[in-house]
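Before any comments, here is the structure.
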Protein chains: 2
Amino acid sequence: MEEYYPLLMSTSLFRGISLQGVQELVGCFKPQVKRFRKGEILLLFGYESHDVGILLEGQADGIKNTPDGAEVLITHLGPGDIFGDVLSGSSLKSPVTILARTDCIAVFFPYDKIIHPCQSLHFCHTQLMQNLVATISEKYFALNRRVDLLILKSLRAKLCTWLLEEAARQGKDTFSITLNRAGLADYLNCERSALSRELNRMQNEGLIELYKSSFKLLDKAALANQAAH
Amino acid sequence: MEEYYPLLMSTSLFRGISLQGVQELVGCFKPQVKRFRKGEILLLFGYESHDVGILLEGQADGIKNTPDGAEVLITHLGPGDIFGDVLSGSSLKSPVTILARTDCIAVFFPYDKIIHPCQSLHFCHTQLMQNLVATISEKYFALNRRVDLLILKSLRAKLCTWLLEEAARQGKDTFSITLNRAGLADYLNCERSALSRELNRMQNEGLIELYKSSFKLLDKAALANQAAH
DNA sequence: GCAAAAGCGTTGCATTGGCAACAAGGAAAC
DNA sequence: GTTTCCTTGTTGCCAATGCAACGCTTTTGC
């Protein structure tokens, strides 16, 4: 477990906590480390869970099955990403399945240990609880941004908004993304073909420049303007 | 303040906490009680806040301004409803404005007092922290359900899904709602006219029965079936 | 009690974007 | 090296639905 302390310290759950603090907390919580083979399930849709999971190694996806049996990608997880946090403190069922895309190692912290300050009242425990709340809140805000995108009426507006946000997030006007076209279409809730068509139009209009999965914003003012329509 | 203890005990933040516990916590936190006149602002869009608010009296709305200046209703709050909770533990700006629709009284609990177990280690404090996490998580899940609705492709599917969920939530197949047509159209992200048109069609097809803002589900199997398309 | 505003339904029209089908290039599997 | 699959682009067609306009009814404000 020790080898993962630096990774833990870089996660949103342990940020601001010293190495010593992490050691104390891990010693106190006795979290379980589990290995998963590619294709195995870390967290199953429709079940309760009262553990906060952190992916230590490998890649996993949060997926959901639509009524007609198709599989929708919700999130992608890499080392250091947290899962099950929103779920662990509620009595609700998981809205997603977390599926290992490669062999994975994850560690599971029992929620009730996190939320109960123990006798020894570790100084860092308060920080951990704050971090838990902040982590969940951030997921709420991320979802909220997605809702803001989804309620835009035109695909053009969605794309403009998304491009500007992504540029701001990456801090540059030329950027590339990991999502492929189908994934982006899912995220924006549109057809892949319609997405291609619209990106093409925007390129022709001189708003953006495309090369594979990299984007270059040429006219941010126009983009911002069209984001409102 | 004492007069509101029963109301507090019925909120999601204080549920499961005894009257004595509420007294201890209130005594310890010294929350501020504020009065607002109709039209005044309880929480302003774009600002940080580190208080958890509970509406004690009156009615308030969570609203957001669209780029083109219009006002979109996000939530409606009545006595006992919590606001600012998701915000208080993060360093982000409020995505909404909370606006008093009538004269209001609200109480504000400082987040850092909630999250820091104090010296006297009140037994009920742990419960309160759990409740805070659960309250935020519930808001996340509510938003998540909305996303699930929004990504459905057809208005018919959205309506079927929403009707079934609402019936389940209210525990009966005949129910009425507080949202008006425009509000429901907003929630489902469609045109008010299109909503009317579709509801009418569904009534003609014998799926539902309408009377003003009350709905009667006549064929839940068919509704469930069409929710998938 | 009256005027103004809000809520709801209705309809015609124009457009968006969903759907299906196909092609081409590149990556992966064998 | 060959085959298969995956990803992306492209295009025609058309149904769903956004938009605008109007009228009726109910509610609110004065």
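All chains are named by letter (A, B, ...) in the order of the sequence lines, taking the proteins before the strands, and each is independently numbered beginning at 1. When reading the values below, keep in mind they use all heavy atoms of this one structure, side chains included, and skip hydrogens, waters and symmetry mates.
- For A:Tyr47, the OH atom is loosely surrounded, since the number of other residues' heavy atoms within 6.0 Å does not exceed 12.
- One distance of note links NZ of B:Lys158 with CD1 of B:Ile151; it measures 10.5 Å at 0.5 Å rounding.
- Listed for the A:Ser137 side chain is a donor-acceptor partner under 3.5 Å among the backbone atoms of B:Val86.
- Remark: side-chain polar atoms of A:Thr102 are paired, donor with acceptor, to backbone N or O of A:Gln59 under 3.5 angstrom.
- One interatomic measurement links the two molecules: NZ of B:Lys153 to P of D:dA16, which rounds to 14 Å at whole-angstrom precision.
- Note that the first and last nucleotides of DNA chain C, 5' to 3', having any atom under 4.0 angstrom from a heavy atom of chain A are C:dG17 to C:dA20.
- Axis deviation across the helix from C:dG1-D:dC30 to C:dC30-D:dG1 amounts to 70°, comparing end segments of five pairs, rounded to 10 degrees.
- Atom-to-atom, CZ of B:Arg156 to P of D:dA16 comes out at 10 Å; the value is rounded to the nearest Å.
- The pair B:Lys38-B:Asp103 does not count as a salt bridge, with every side-chain nitrogen at least 4.0 angstrom from each carboxylate oxygen.
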Please produce a list of atom pairs where a protein N or O lies less than 3.5 Å from an N or O of nucleotides 9-15 of chain D.
unit_1 : atom_1 : unit_2   : atom_2 : d
D:dG9  : OP1    : A:Arg181 : NH2    : 3.4
D:dG9  : OP2    : A:Arg181 : NE     : 3.0
D:dG9  : OP2    : A:Ser196 : OG     : 2.8
D:dG9  : N7     : A:Arg192 : NH1    : 3.0
D:dG9  : O6     : A:Arg192 : NH2    : 3.3
D:dT10 : OP2    : A:Asn200 : ND2    : 2.4
D:dG12 : O6     : A:Arg197 : NH1    : 3.4

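- The two residues A:Leu152 and A:Ala157 come nearest to each other via the heavy atoms CD1-O, 3.6 Å.
- Atom CD of A:Gln32 is surrounded by 12 or fewer heavy atoms from other residues, nucleotides or ligands within 6.0 Å.
- Computed from coordinates, the A:Glu191 CD to D:dA16 P distance equals 15 Å when rounded to whole Å.
- Taking the six-membered ring where the residue is Trp, the centroids of B:Phe29 and B:Tyr111 are separated by 6.0 Å or more.
- Under a 4.0 Å N-O distance rule, the pair A:Lys34/A:Glu40 does not qualify as a salt bridge.
- No side-chain donor-acceptor contact under 3.5 Å links A:Asp61 to the backbone of A:Ile63.
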